[in-house]
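These notes concern the structure reproduced below.
The structure presented is a predicted model; accordingly, all values stated were derived computationally and were not measured.
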Amino acid sequence: MPEANIAVVDSKALLSLFGTRDQHLKQIREALGVKISARDERIHVEGAEEAVARATDVLEQLQAIVQRQGSLAADEVARVLGRATGKRTGLEAQTIEVLNAGRKIQPRTAGQSDYIQAIQDYDLVLCAGPAGTGKTYLAVAMAVAALKQERIRKIVLVRPAVEAGESLGYLPGDLQAKINPYLRPLLDALREMMDYDQIKRFTEQDLIEVIPLAYMRGRTLNEAFIILDEAQNTTVSQMKMFLTRMGRGSKIVVSGDTTQVDLPNHTPSGLTDAMRRLRGIQGLTQVRLTAADIVRHRLVQDIVRAYDEEPGKRRSEG
């Protein structure tokens, strides 16, 4: 019977690859009809010739993911298996096609999938969740896809310039130089989906605008995809001002982490207030992502849980 052997980096990597109680291993065995075992820091695969070849490829891909990020989620196993067997998963079906040639973005958790679906279905989405859950990244991807498909005329990316432990007045440079660091995360997300020349050209043509929240006052935006990032750092009046900028044919996504509010003490967060105040209004929806949706380095999930679980340490959400 055909067989193959794959070298394993170390026992910890093998544990992540096989999953808790061998759940990933069972998925692979059942999907590909092979026998898989481990001994002497090697994975042994046995079965029909084509199945062994396919399983070897799957295991090597999954091991590369473990080496890159230190962990392996069930949806990642399903996605790699789906490509190997020709059966796409529900998450893979939600591909976001951006302007960067060959670049396709997909949700990696069920929560992210719900978030994307909400953005597709509603004109106003309020999203709260911890760092690393893709709140900004996925919203920007959806905006770029909408621009590519000519469903909107422009993208407006907005952030409040709130001083997180630093005073703007003491930072070097003119006002624009002081504001730029606050807008950098939005530009970083854009650069993963478009090349530099595209961003520059679209910015010059006013198809893309990256601005501080204060610059939104007095405007009405029609046929635009507007994203408010770090929305937990808006005041209630700022949030009202922002939401009422929505014009005909526009879509708004508001996202933030309500556990990381940088407003002065006793100042209510505009995001927390909006999620309470606007509950039940037709035409908008709310999405709450959790630590299970974190897709950054594996340590980020543990760090978020550690801060959430420690009593008396969490900042008031307003």
**Asked** Hey, is R54 close enough to E50 for a salt bridge, meaning N to O under 4.0 Å?
**Response** yes
**Request:** For residues V254 and V125, determine if any side-chain heavy atom of one lies less than 4.5 Å from a side-chain heavy atom of the other.
**Result:** no
**Message:** Can you tell me how far apart CG (L62) and CG (L17) are? Round to the nearest 0.5 Å.
**Reply:** 6.0 Å
**Asked** Has the side chain of D293 got a donor or acceptor atom that lies under 3.5 Å from a matching backbone atom of T290?
**Response** yes
**Complete:** Here the gap from L207 atom CG to R153 atom CZ, rounded to the nearest 0.5 Å, amounts to 9.0 Å
**Prompt:** Within the side chain of Q238, is there an N or O that forms a donor-acceptor pair under 3.5 Å with the backbone of T235?
**Reply:** yes
**Request:** Check whether any side-chain heavy atom of L213 lies under 4.5 Å from a side-chain heavy atom of R159, and answer yes or no.
**Result:** no
**Asked** Would a distance-only check, ignoring hydrogens and angles, find a side-chain to backbone donor-acceptor pair under 3.5 Å from K251 to Y122?
**Response** yes
**Request:** Could you tell me the separation between the CD1 atom of I43 and the CD1 atom of I28, rounded to the nearest 0.5 Å?
**Result:** 8.0 Å
**Request:** Report the C-alpha separation of R276 and D273 in whole Å, then their side-chain angles, then the decisive distance to 0.1 Å, and conclude whether the salt bridge (charged side-chain N to carboxylate O under 4.0 Å, His left out) test is met.
**Result:** CA-CA 5 Å; R276 176 189 57 79; D273 176 81; 2.7 Å; yes
**Request:** Side-chain contact test, heavy atoms from C-beta onward, threshold under 4.5 Å: evaluate it for P130 versus Y307 and give yes or no.
**Result:** no
**Asked** Hey, is the main chain of Q27 close enough, under 3.5 Å, to the side chain of E30 for a donor-acceptor pair?
**Response** no
**Asked** Taking the side chain from Q112 and the backbone from I294, do they hold a donor-acceptor pair closer than 3.5 Å?
**Response** no
**Under 3.5 Å: donor-acceptor pair, side chain of S269, backbone of Q232** = yes
**Request:** Kindly give the heavy-atom pair with the smallest separation between T234 and A231, and that separation in Å.
**Result:** OG1-O, 2.8 Å
**Item:** Closest approach of L157 to L186 (non-hydrogen atoms, all atoms of both residues)
**Value:** CB-CD1, 3.8 Å
**Ion pair K154/E209, N-O distance below 4.0 Å** = yes
**Prompt:** Any donor and acceptor pair, going by atom type alone, linking the side chain of Q23 with main-chain N or O of G19 inside 3.5 Å?
**Reply:** no
**Prompt:** V236, M246: one ILVMFWY side-chain cluster at the under-4.5 Å cut-off?
**Reply:** no
